[in-house]
Asker: 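Have a look at the structure that comes next, please.
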Amino acid sequence: MADTELPQGIDLTPLNEEFRIDPYSIFAKLRNDAPVHEDTQLRRFIYTRHDDVKQILRDAEMWSDPRKANPGTFTREFLGNSLAEGEEPSMLLMDEPGHRRLRSLVSNSFTPGAVEKWRERTRSIVEKILDGIQGAEFDLIADFAGPVPTIVIAEMLGIEPGKHAAFKAWSDQAVAASFNPFPTEEQIKQRDEANHNLFTFFEAEIAARRENLGNDLLSDMIRAELTGDKLTVQEMITQANLLLIAGNVTTTDLIGNGIKALLDNPVEWRKLQQDPSLIANAVEEMLRFDSPVVNSGRIANRDIEIGGCPVKKGESLNTALAGANHDPAVYPEPGKFNISREDTHHQSFGGGRHLCLGAHLARMEAQEAIQGLMARFPNLALSPKGFEFHSIPSF
């Protein structure tokens with residue numbers, strides 16, 4: 001039920017300073033007062049309880065394609081209307097059987113075994129980036145957390161080093177408007193230019209690979225075949241863009257949020273210094289404690305009751321991943337950052353058939369980046385200049 005005393009619309013995005021600084025307090029209020037919250041301004045239902053979020057994300061029948069949402073609803077208006085006439089959504093917003101087909105054709109490169117082969121190279125990339133950090137202060141995001149995943153995914157795609165900086169800029173510009181229900185005209189212009197640049201670049205790269213296949217993700221996409229089915233050029237470009245954009249921004253935020261959590265909790269910093277074997281568990285706790293992706297969603301494919309409240313077919317269901325990760329009914333002391341926490345399961349990679357394809361890669365990159373940074377700067381501390389969370393909705 002709608003409740004005018006509870007936040008609505010833009011107040012439930014990081015465009016609201018209070019939400020940007022601390023979304024967890026707002027999610028806690030929703031969880032206590034309206035765990036199924038109807039946001040009448042943006043026409044969506046927001047779920048903050050762990051079990052409700054889990055139910056929605058793991059329901060194999062729910063839709064992700066925004067074109068199937070009811071007119072006027074959040075998903076239809078802010079995701080569906082961003083698609084050009086006749087344009088198919090990326091794998092992120094695709095339903096079966098298309099989603100299964102595309103995922104099957106690219107998933108071999110993101111299995112735990114395939115990702116592990118990149119660990120040593122990732123470690124070298126981290127060391128090289130750290131070598132370039134000079135002086136008493138540096139910007140954690142711009143100088144370290146941003147470059148690490150950008151270079152890793154660019155190398156996996158077989159992209160020359162000279163293009164890495166442009167890739168980062170293009171991906172940031174694309175995300176700033178693509179997931180924002182209130183983009184400025186300048187952000188929309190930058191998004192369109194970035195998408196055009198990425199499309200043109202990948203089109204040329206794919207043409208070059210066809211003439212000379214290499215040991216990289218683009219070449220693997222060209223080689224990929226499943227029961228006689230192959231990816232079209234458009235599909236390869238869409239998937240490459242998705243890997244670049246989704247992989248860069250989220251992993252950058254995971255590293256940034258994780259380091260901040262350690263610096264805010266010096267006991268945990270020292271604990272990890274003394275026992276580096278805790279790094280895998282520490283990264284899972286970072287994902288739970290301060291999720292890089294704040295919310296996700298599905299579309300009701302039928303009239304259904306969730307969390308004790310009915311919703312109609314075609315309605316937008318917004319799952320607050322960050323809220324679910326702090327549900328006290330599931331996590332003892334959810335607001336406490338504890339890298340030794342026994343149960344670090346979380347909803348940060350989504351769930352069901354749309355479970356994040358790059359989850360293993362993100363974990364590995366974060367483990368290597370955080371360990372490398374701590375080893376190089378054992379006495380790292382927050383600068384008096386402070387910090388700022390960026391204001392991209394959903395991130």
Side-chain angles (χ1 to χ4, degrees), residues 12-31 46 48-50 53 139-141 144-146 148-149 175 179 246-269 271-272 278-296 318-328 330-351 356 358-359 362-363 365-367 369-371 373-374 380-383 386-395:
L12 287 167
T13 77
L15 298 175
N16 166 24
E17 184 179 7
E18 182 183 357
F19 184 96
R20 183 170 67 249
I21 293 172
D22 180 18
Y24 298 99
S25 294
I26 293 176
F27 284 143
K29 180 175 177 57
L30 292 184
R31 194 187 309 109
I46 299 176
T48 46
R49 289 189 298 211
H50 175 277
V53 168
D139 186 313
L140 178 67
I141 303 300
F144 183 70
V148 169
V175 167
F179 293 90
N248 273 348
V249 175
T250 53
T251 307
T252 291
D253 291 350
L254 168 56
I255 296 168
N257 292 355
I259 289 295
K260 182 180 181 299
L262 286 170
L263 293 177
D264 285 342
N265 297 273
V267 171
E268 301 306 296
W269 173 278
K271 188 191 299 183
L272 187 54
L278 287 171
I279 186 61
N281 203 71
V283 168
E284 298 308 304
E285 173 68 346
M286 292 166 189
L287 284 159
R288 184 205 68 81
F289 180 73
D290 201 3
S291 176
V293 181
V294 177
N295 51 38
S296 182
N318 193 267
T319 52
L321 307 180
N325 289 339
H326 278 236
D327 188 341
V330 176
Y331 305 100
E333 298 182 281
K336 181 179 180 181
F337 179 67
N338 176 14
I339 66 171
S340 302
R341 185 183 291 270
E342 292 185 7
D343 181 7
T344 58
H345 91 277
H346 53 77
Q347 307 299 315
S348 300
F349 287 128
C356 177
R363 287 179 166 115
E365 290 177 315
Q367 291 166 11
I370 291 166
Q371 282 188 309
L373 186 74
M374 292 181 70
L380 195 68
L382 286 172
S383 163
F387 60 89
E388 181 180 352
F389 290 106
H390 61 54
S391 56
I392 302 175
S394 294
F395 296 88

Asker: Check Ser391 against Pro393 and note the closest heavy-atom contact, atom names and distance.
Answerer: O-CD, 3.3 Å

Asker: Roughly how far apart are Asn338 CG and Glu333 CD, rounded to 0.5 Å?
Answerer: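 Output value for this atom pair is 8.5 Å.
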
Asker: So, do Tyr331 and Arg341 sit near enough that their side-chain heavy atoms are less than 4.5 Å apart?
Answerer: yes

Asker: Would you find a donor on one side and an acceptor on the other, under 3.5 Å apart, between the side chain of Thr319 and the backbone of Ser296?
Answerer: yes

Asker: Which heavy-atom pair separates Leu262 from Phe337 by the least distance, and what is that distance?
Answerer: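 For Leu262 versus Phe337, the nearest heavy atoms are CD2-CE2, 3.8 Å.
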
Asker: Looking at every heavy atom in both Ala320 and Asn295, which two are closest together, and how far apart are they?
Answerer: CA-CB, 4.1 Å

Asker: Please enumerate all residues that pass side-chain contact (heavy atoms from CB on, under 4.5 Å) together with Leu382, with sequence neighbours excluded.
Answerer: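 Applying side-chain contact (heavy atoms from CB on, under 4.5 Å) to Leu382 gives Leu263, Asp264.
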
Asker: Please report the interatomic distance CG(Leu373) to CD1(Ile259), rounded to the nearest 0.5 Å.
Answerer: 4.5 Å

Asker: Any side-chain heavy atom of Pro292 sitting closer than 4.5 Å to one from Leu287?
Answerer: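 Yes, at least one pair of side-chain atoms sits under 4.5 Å.
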
Asker: A side-chain contact here means heavy atoms from C-beta on lying under 4.5 Å apart; do Thr48 and Asp327 qualify?
Answerer: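 Thr48 does not reach Asp327 side chain to side chain.
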
Asker: State, yes or no, whether a side-chain contact exists between Ile370 and Met286 at a heavy-atom distance under 4.5 Å.
Answerer: yes

Asker: Hey, what do you get for CZ (Arg20) to CG (Leu15), rounding to the nearest 0.5 Å?
Answerer: 8.0 Å

Asker: Using the side-chain contact (heavy atoms from CB on, under 4.5 Å) criterion, which residues pair with Asp290? Sequence neighbours excluded.
Answerer: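 Partners of Asp290 by the side-chain contact (heavy atoms from CB on, under 4.5 Å) criterion, ordered by chain and then number, come out as Tyr24, Asn257, Phe389.
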
Asker: Could you report the tightest heavy-atom contact between Leu321 and Ser348, atom names first, then the distance?
Answerer: CD1-O, 4.1 Å

Asker: Could you tell me whether the side chain of Pro328 reaches within less than 4.5 Å of the side chain of Arg31, counting heavy atoms only?
Answerer: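 In contact.
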
Asker: Who are the side-chain contact (heavy atoms from CB on, under 4.5 Å) partners of Val249, not counting sequence neighbours?
Answerer: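 Counting only residues at least two positions away or on another chain, Val249 forms a side-chain contact (heavy atoms from CB on, under 4.5 Å) with Asp172, Val175, Asp253, Phe395.
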
Asker: Thr252: which residues meet the side-chain hydrogen bond (donor to acceptor under 3.5 Å, both in side chains) condition with it, sequence neighbours left out?
Answerer: Lys168

Asker: Check Leu254 against Ala362 and note the closest heavy-atom contact, atom names and distance.
Answerer: CD2-O, 3.9 Å

Asker: Between the side chains of Glu284 and Arg363, is the shortest nitrogen-to-carboxylate-oxygen separation below 4.0 Å, so that they form an ion pair?
Answerer: yes

Asker: State, with a plain yes or no, whether a side-chain heavy atom of Lys271 is found less than 4.5 Å away from one of Ser340.
Answerer: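 Yes - at least one pair of side-chain heavy atoms lies under 4.5 Å apart.
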
Asker: Which distance, rounded to the nearest 0.5 Å, do you find between the CG of Asn265 and the NZ of Lys336?
Answerer: 9.5 Å

Asker: With the side chain counted from C-beta on, respond yes when Trp269 and Met374 share a heavy-atom pair under 4.5 Å apart, and no when they do not.
Answerer: yes

Asker: Tell me every residue that passes side-chain hydrogen bond (donor to acceptor under 3.5 Å, both in side chains) with His50, counting only those two or more places apart in sequence or in another chain.
Answerer: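 His345, Gln347.
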
Asker: Give a yes or no on whether the backbone of Ile279 and the side-chain of Gln367 come within a donor-acceptor separation of less than 3.5 Å.
Answerer: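 Looks like no, no N/O pair under 3.5 Å.
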
Asker: Using a 3.5 Å distance criterion without hydrogens, assess whether the side chain of Asn281 forms a donor-acceptor pair with backbone atoms of Ile339.
Answerer: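 Yes, because the side chain of Asn281 sits within donor-acceptor range (under 3.5 Å) of the backbone of Ile339.
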
Asker: What heavy-atom pair brings Phe27 and Ala322 nearest, and what distance separates the two atoms?
Answerer: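 Shortest heavy-atom separation between Phe27 and Ala322 comes out as CE1-CB, 3.9 Å.
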
Asker: Please identify each residue that fulfils salt bridge (charged side-chain N to carboxylate O under 4.0 Å, His left out) with Arg288, with sequence neighbours left out.
Answerer: Glu285

Asker: Which value, rounded to the nearest 0.5 Å, describes the distance between Leu12 atom CG and Leu30 atom CG?
Answerer: 6.0 Å

